[in-house]
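Chain letters run A, B, ... following the sequence lines, proteins first and then strands; every chain starts at 1.
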Amino acid sequence: MIKITLPDGSVREFEQGITALDIAKSISEGLARNVLSAEVNGEVIDATRSINSDATVKLLTWSDSEGKKTLWHSSAHLLAEALEALYPGIKFGIGPPIENGFYYDVDPGGRSISSEDLPAIEAKMKELAKQKNPYLRKEMAKADAIAYFTDKNDEYKIELLNDLEDGTITFYQQGDFVDLCRGPHIPDTGFIKAIKLMNVAGAYWRGDEKNKQLTRIYGITFPKSSELTEYLELLEEAKKRDHRKLGKELELFMFSEKVGQGLPMWLPKGTALRERLTDYLKKAQAATGYVQVITPHIAHKDLYVTSGHYDKYGADSFQPIRTPNEGEEFFLKPMNCPHHCEIYKNKPHSYKDLPIRLAEFGTVYRYEQSGELHGLTRVRGFTQDDAHIFCRPDQVKDEFLKVIDLVFMIFKALDFKDFTAQISLRDPENKAKYIGSDENWEKAESAIIEAAQERNLSTVIELGEAAFYGPKLDFMVKDAIGRRWQLGTIQVDYNLPERFQLEYMGADNQKHRPVMIHRAPFGSMERFVAVLIEHCAGNFPLWLTPEQAVILPISEKYNDYAKKVLEVLKNYDIRAAIDDRDERAGKKIRDAEISKTPYMLIVGEKEEQSDSVSVRKHGEGDLGEMTLELFAKQVQNEVDAQINAN
RNA sequence: GCCGAAGUAGCUCAGCUGGUAGAGCAGCUGAUUUGUAAUCAGCUGGUCGGGGGUUCGAGUCCCUUCUUCGGCUCCA
């Protein structure tokens, strides 16, 4: 008999060789039907593998992320089985579980697999799933494994095998399909109840663009068909919120082939929104010791030779602009920091001056690969809400605290309630690849961690993710439908102060090198607005929305009163417009609802007589009649509450 | 940049196997003077992304180029 410790701390005795599935059965049949895999002494294994000694066992189901992974990984095998049945001789790369589902990279030989083929493959998978074929684990010597795939002519699997250490290789078989695999897998294919193949795409073998491009088939599966329905609904919702679609519908921004790809143009409404964000941040920054600067859009090549960016990115940049007579080279600026370093150098600094915080809404241009461009989130010209803080090493923590506070304030005003920070530190195994002294790194890394702790920021620490020039903290927000986005960033930089020979005079009358901190709470205005649009589905917070109210006169007769209402609202700093088209109220209301205007003010005879408006709120409906003054005050209160949401 | 898909009116889309373009909305004009998600009628609007080719004839077939979309690779 062996002792099995369960997560609740209870210990039960079982026969040696028991499986996790048996343990589940001993608890309840229902549980047994839901067990996908098991964590035994910290290792995730098949629920059908025997356990031969005392162990701590956690049964993994759909509610565990490891359980999901098991189902999806097994689903990838099921996909492969279906493909092999439909496309004999097809070769397989890898087929892992991913964040939402799984994929399999395949080489269909001379054939091609397109999205039109997916329904047939899906049907085959469903057919195979119904057979409830068990996933059987087999062990094989490496040489035999290579022989097996040589026989099958699958060079990809052979390559994978060659990279494995000698010894025993594990295989899994379900139905007629055998795959090289570490596992674990679900007990049988019958656990896969709902299947959806999403799309096909090209993917390089082993992620290397020099390698052959394979066909990647994405899919997702669920243990309950209702979950698939929910998932597809979420995708629909995401589609509705797509900032590219809403940006067009709400007339926020546009692209033009003539202007160039990846170069957004902000329409009047989008500009109004963006400027409001900019003003908000400028005010907040002015209050926390930043000074604004403005630098040109191009700079001499020498600036980037000094900064080191020329060597690193010169070839991948927009090509230089040359002066006609001298032939000097100028680059469109890809970042603002080198300019700001020059501003810092404009005069000598005392330790007493520090920190110096130079802020600029700087528009930068980067040559992104054409296939990379995506709406406002990935563009070739964008404006960073940039600032560079030049400070002493002992001031890093305090500066981080201040930036974190600033970011908190912004997130609250924009209704981002769920956010975390990722702190990227250097790889302790490979300190040589980073610039800057050990002492400074340690100081900065602990300063960042302490600052995050002091502000109760939930953080994930990633070792080895730091840039070569310094550690950083990135903010990740979760939007209204649960997607994660990376927005603001705070980065320590030891490189540029060195390269630009930045200095300050210390209390010891010696020259010292300042630390530079790059920070951008929004990241870029473009990306931020894109995320904001998707977060609020185009229903912007009242303080930010381009038009807060629209006045809808019932008929032409009340246009004059509508104008009076507009004047009063203006005096209250409320952004409004009149819809004086020759249309019925129903039509005007419909259009205002579609344009997501927060308040509709219907004015007719009774309103005119009592200096009032009938208020309808977007998405909610009729709020009834109220005096104009009362409405204006309510709007003001709502705006104040949003901006000062603390 | 690479693989795959797509590009028809301002927007959303139809146009079977080639026979010289169509709807709804928007816009304009007129009628209507309207009370909480579409008043009616008429009209305008497209060198079918660009260029080349095949053909008696191309939105439709072929080549090329640009852009967009889904991925891959990349992201100072």
### Message
Side chains of Tyr156(A) and Asp107(A): any donor to acceptor distance under 3.5 Å?
### Response
yes

N/O donor-acceptor pairs under 3.5 Å from side chains in residues 261-269 of chain A, not counting sequence neighbours:
none

#### Entry: Distance, P atom - from A31(B) to U68(B), rounded to whole angstrom
46 Å

### Message
So if I take residues 95-106 of chain A and measure heavy-atom distances to RNA chain B, which residues fall below 4.0 Å?
### Response
none

### Task
Measure from CG on Leu118(A) to P on G4(B) and round the result to the nearest Å.
15 Å

### Task
Would you mind listing every side-chain hydrogen bond (donor to acceptor under 3.5 Å, both in side chains) that reaches into residues 89-101 of chain A, with sequence neighbours excluded?
Lys91(A)-Glu155(A)

### Message
The criterion is ring pair (Phe, Tyr, Trp, His ring centres under 6.0 Å); which residues satisfy it with His300(A), sequence neighbours excluded?
### Response
Phe330(A)

### Message
Under 4.0 Å, counting only non-hydrogen atoms across every strand here, what does Glu605(A) touch: a base, just sugar-phosphate, or nothing?
### Response
base

### Message
Filter on salt bridge (Lys or Arg N to Asp or Glu O under 4.0 Å), then keep only pairs touching residues 247-268 of chain A, sequence neighbours left out; what's left?
### Response
Lys245(A)-Glu249(A)

### Task
Rounded to whole angstrom, note down the P distance from G46(B) over to G10(B).
8 Å

### Task
May I ask which nucleotide in the shown strands pairs with G4(B), Watson-Crick or G-U wobble, both distances under 3.5 Å?
C69(B)

### Message
Distance check, P atoms only: U47(B) and A9(B), in whole angstrom units.
### Response
9 Å

### Query
Applying salt bridge (Lys or Arg N to Asp or Glu O under 4.0 Å), which residue pairs with at least one partner in residues 482-494 of chain A are found, sequence neighbours left out?
Asp479(A)-Arg483(A), Arg483(A)-Glu534(A)

### Summary
Rounded to whole Å, the CG-P distance (Leu250(A) to C11(B)) equals 16 Å

### Task
Decide, yes or no, whether a salt bridge links Asp591(A) with Lys587(A) under the criterion of side-chain N to carboxylate O below 4.0 Å.
yes

Protein-nucleic acid N or O pairs under 3.5 Å, nucleotides 36-41 of chain B:
residue, atom, partner, partner atom, Å
U36(B), O3', Arg616(A), NH1, 3.2
U36(B), O2', Arg616(A), NH1, 3.1
U36(B), O2, Arg616(A), NH1, 3.4
U36(B), O4, Ser614(A), OG, 3.4
A37(B), N7, Arg616(A), NH2, 3.2
A38(B), N9, Arg590(A), NE, 3.4
A38(B), N7, Arg590(A), NE, 3.3
A38(B), N7, Arg590(A), NH1, 3.0
A38(B), N7, Arg590(A), NH2, 3.4
A38(B), N6, Arg590(A), NH2, 2.5
A38(B), N1, Arg590(A), NH2, 3.1
U39(B), O4', Arg584(A), NH1, 3.3

### Query
Looking only at atom P, what distance separates G15(B) and G49(B), rounded to whole Å?
15 Å

### Query
Got a sec, which residues hit ring pair (Phe, Tyr, Trp, His ring centres under 6.0 Å) with Tyr434(A), two or more places apart in sequence or on another chain?
Trp441(A)

## Note on the structure
Once base and sugar-phosphate atoms are separated, protein heavy atoms under 4.0 Å mark nucleotides 64-71 of chain B, 5' to 3', with B, S and - as --SSSSBB

### Message
Which residues pass the ring pair (Phe, Tyr, Trp, His ring centres under 6.0 Å) test with Tyr290(A), not counting sequence neighbours?
### Response
none

### Query
Which residues satisfy the ring pair (Phe, Tyr, Trp, His ring centres under 6.0 Å) test with Tyr310(A), sequence neighbours excluded?
Phe331(A)

### Message
Asp163(A): which residues meet the side chain to side chain donor-acceptor pair (under 3.5 Å) condition with it, sequence neighbours left out?
### Response
Arg206(A)

